[in-house]
Structure formats: C-alpha cells, structure tokens
Amino acid sequence: MTAFQSVQTALVRLDGPPEPAAVGIGVHGPAGHVDEFQLPDMWQFHLYHYEADLTVGGVEHRIRPGHVSLVPPGTPVRYLYRGRSEHLYVHLRLGAQGAAREVATVQRAGVQAAVLDGQLRQALSAWPHTPGRAAAEVWAALWNVAELAPLRDGKAQVLPPAVAAAVALIEARLAEPLTVPDIAKAAGVSHNHLTRLFRTATGETVVGYIRTRRMERAGHLLRASTLSISRVAAAVGIPDLQAFNKACRRELGACPRTVRAARRGTPMNRPAVRIDQ
C-alpha cells in the first residue's frame, strides 16, 4: 500500500531504520532550469540551500534555504531553478513498522535546519563505506523532520520551539543549578512567555518539570547503578543530602536507601511524567 496520502502530506513510519540507496549533494541549475521526475519506488528527502519553485504532486511550493522536503515514492516533482542550486539529498526506502505519522511534504526546518544539515553531512561522509552509520544519521534526521510541525490527527504533540529548547537544556544540565530566567534566555524568550508556553504545552511548570525529571533520573540511578547515594544526588543537581532525602520521600515515596533496596525485591511502581517530543 502506498504511503502517499495527499499532495501536501505523507504518512511516514519511522519505528524501523530507513534503507538509504543514495546520499549526496545535488547541484542543479547550470545545465537547465527545469527538472521533472519521480522515484517510483523510493522516498526523496531533500534539505535546500537555495530559492526555487517546487511542485509536488501538483501543489506548488516556494522553497528557500532551510526548507526540507520528504516526498513519497511515485510522486511527480517539478523544480524551477533560479541559477546554480545545491541541496543535500537522500533517496531511501522506509519500512512499515510502527504507527503512521502525517508529515508535510515541504516545510521550513527553522532552527532545526542546522541540525539537519549536520546529520545529513555526517550521513554523506559515512556513505557508502559504513552504510549502517549513514542510515543511523538519516533516521535521526527523519525523526527531526517528522517533529517539525504538529500532526493533524492529534495523536501526538510536538513541543513549541522555545519549550523544546528549554526541555533540551534541562535534560543536558540536570546536574547543574537551573533557573527559569536562565532557561528562558537560552531558549530566546522572556521568563513569563516561557512559563506560559511551558504550562500550555506540558500541563506543568518549568520548576515542576525540572523536579520531576531530576527525581526520575535519581530513581533510575538508585535502582540500576552502584553509584553512592551522594554521587546520585550530585548527578541530579541536588548535592545537599538532606534536601535529596526529602525530595526522594516526596517524589519517590521513600528514602534513597529504600528506593535502592527495592531493586532486590518488588519494584516500586510510581507513575512517571513523560513529554512526547
């Protein structure tokens, strides 16, 4: 069954790794200003560094540097170039594993354009000598593309860019002191704006999310590692052992030693907060 749903969106399944058939840099324009073609059995994945007019399945798009396209097999495309035009591309096959995600065939990558560029260039450098590494980079890039905009069927929520940036910073710096103003500054928004965005997107406060994630990580380290309790406390940004003990009792329902001992007996079951990204 074809993955093609409409000329503006495609159903993509990413629970299994892609199978790249070609990874490269395409240079167009000098030899002719128009290209019309399709790949009957493969997806086209492009990251653009130029301006052009692109028609996908009869729908016109004005692409700019930083735009990305993911075109299903068998879909006709037409490019109208304005001169020398260079893009990164992957021709690939996708599996049928997992739930289908509805993804725009053409969209702006925004702040993720630099990330995608790096991933695709890593794939290019690995191709074809280490195809497994190339496939891994392409897979990660495809997930980034799939999460650039909210799904239309409402089955998953994609965090607003500022909230996603805040979450990424928190995850990377759980062991360090964190303040909402500093996080907001790094995310490029005001303190109050981040607070509103965060609560709308996640249903909790920034401080509440930090607290939850620190204790989820603490619970994991207490149960799964042999790190000392003091080292676990430091690893989650609560080096004061008295404060850490209180946080464990409040969030995990027991003191650190009891949480650790539970791994030898019946696991402590406590619902964990998760944010889909």
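Here, residue 1 is the first one in the sequence, and each next residue gets the next number. If you're wondering where the values come from, they're calculated on a predicted model, not measured in any experiment.
Evaluated for a side chain to side chain contact (heavy atoms under 4.5 Å, CB included) with L92, the options P18, P17, P73 yield exactly one hit, P18.
R199 is linked by a side-chain hydrogen bond (donor to acceptor under 3.5 Å, both in side chains) to nothing, counting only residues two or more places apart in sequence or in another chain. Remark: A235 pairs with L221 by the side chain to side chain contact (heavy atoms under 4.5 Å, CB included) rule, at least two apart or across chains. Annotation: salt bridge (charged side-chain N to carboxylate O under 4.0 Å, His left out) contacts of R78 (sequence neighbours excluded): E36. Listed by chain and residue number, nothing satisfies the salt bridge (charged side-chain N to carboxylate O under 4.0 Å, His left out) test with D35 (two or more places apart in sequence, or in another chain). Considering only residues two or more places apart in sequence or on other chains, Q119 meets the side-chain hydrogen bond (donor to acceptor under 3.5 Å, both in side chains) condition with N144. Take R62 and apply the side-chain hydrogen bond (donor to acceptor under 3.5 Å, both in side chains) test, not counting sequence neighbours, and it matches no residue. The ring-ring contact (aromatic ring centres under 6.0 Å, His included) check on Y48 picks up H46, Y50, H87, with sequence neighbours excluded. Applying the salt bridge (charged side-chain N to carboxylate O under 4.0 Å, His left out) test to R82 and every residue at least two apart in sequence or in another chain returns D53. Residues meeting the side-chain hydrogen bond (donor to acceptor under 3.5 Å, both in side chains) test with T179, sequence neighbours left out: D182. Not a single salt bridge (charged side-chain N to carboxylate O under 4.0 Å, His left out) links R108 to another residue, sequence neighbours left out.
The two atoms that bring I238 and A247 nearest to each other are CD1-CB, 4.3 Å, heavy atoms only. The shortest non-hydrogen separation linking D15 to G98 is OD2-CA, 3.1 Å. Nearest heavy-atom pair, A187 versus A162, reported as atom, atom and distance to 0.1 Å: CB-O, 3.6 Å. Residues A99 and R13 come closest through the heavy atom pair C-NH1, 3.9 Å. The heavy-atom pair separating L70 from P72 by the smallest distance is O-CD, 3.9 Å.
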For this session: Decide yes or no on ring-ring contact (aromatic ring centres under 6.0 Å, His included) for Y209 and F198, but give the supporting numbers first.
Result: CA-CA 9 Å; Y209 178 77; F198 208 95; 5.6 Å; yes
For this session: Evaluate the side chain to side chain contact (heavy atoms under 4.5 Å, CB included) criterion for residues R211 and R250: first the C-alpha distance (whole Å), next the side-chain angles of each, then the deciding distance (0.1 Å), finally the verdict.
Result: CA-CA 11 Å; R211 181 173 59 245; R250 182 181 62 247; 3.5 Å; yes
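Put simply, the side chain of T130 gets close to the backbone of A126: a donor and an acceptor are under 3.5 Å apart. In terms of modelled atom types and a separation under 3.5 Å, the side chain of W127 and the main chain of R133 share no donor-acceptor contact. In terms of modelled atom types and a separation under 3.5 Å, the side chain of T55 and the main chain of G58 share no donor-acceptor contact. No donor-acceptor pair closer than 3.5 Å links the side chain of T195 to the backbone N or O of H193. The backbone N or O of Q8 lies less than 3.5 Å from a partner atom in the side chain of T105, making a donor-acceptor pair. Within the 3.5 Å criterion, the main-chain N or O of S225 finds a donor-acceptor partner in the side chain of R260. Proximity of a side-chain donor or acceptor of T200 to a complementary backbone N or O of R196 within less than 3.5 Å is detected.
With a 6.0 Å radius and a threshold of 12 heavy atoms from other residues, nucleotides or ligands, E60 has its CD atom at or below the threshold. Other residues, nucleotides and ligands contribute over 12 non-hydrogen atoms within 6.0 Å of the CD atom of E176. Counting heavy atoms of neighbouring residues, nucleotides and ligands inside a 6.0 Å radius, atom CZ of R64 exceeds 12 of them.
Contact check on E251 versus R213 returns no salt bridge, with no Lys/Arg side-chain nitrogen under 4.0 Å from an Asp/Glu carboxylate oxygen. With respect to the salt-bridge test (charged N to carboxylate O, under 4.0 angstrom), the residues R214 and E216 do not qualify.
Note on L88 and L94: same hydrophobic cluster, where clusters join Ile, Leu, Val, Met, Phe, Trp and Tyr whose side-chain heavy atoms are under 4.5 Å apart, directly or indirectly. In the hydrophobic cluster analysis, where Ile, Leu, Val, Met, Phe, Trp and Tyr join through side-chain heavy atoms closer than 4.5 angstrom, L194 is grouped together with L169. Residues L47 and V115 are members of separate hydrophobic clusters, defined by side-chain heavy-atom contacts under 4.5 angstrom among Ile, Leu, Val, Met, Phe, Trp and Tyr. A continuous path of hydrophobic side-chain contacts links V145 to V23 [ILVMFWY only; heavy atoms under 4.5 Å]. Follow the hydrophobic side-chain contacts under 4.5 Å out from L54 and you never reach L39; the two are in separate clusters.
Pairs passing the salt bridge (charged side-chain N to carboxylate O under 4.0 Å, His left out) check and including a residue from residues 112-124, sequence neighbours excluded, read D117-R121.
Hydrophobic cluster membership of V34, counting Ile, Leu, Val, Met, Phe, Trp and Tyr whose side-chain heavy atoms lie under 4.5 Å apart directly or via other members: L80.
Two rings, from Y81 and H33, have their centers 6.0 Å or more apart.
By the 4.5 Å heavy-atom criterion applied to side chains, V68 and L148 are counted as neighbours. Using a 4.5 Å cut-off on side-chain heavy atoms (C-beta onward), L142 and V12 make no contact.
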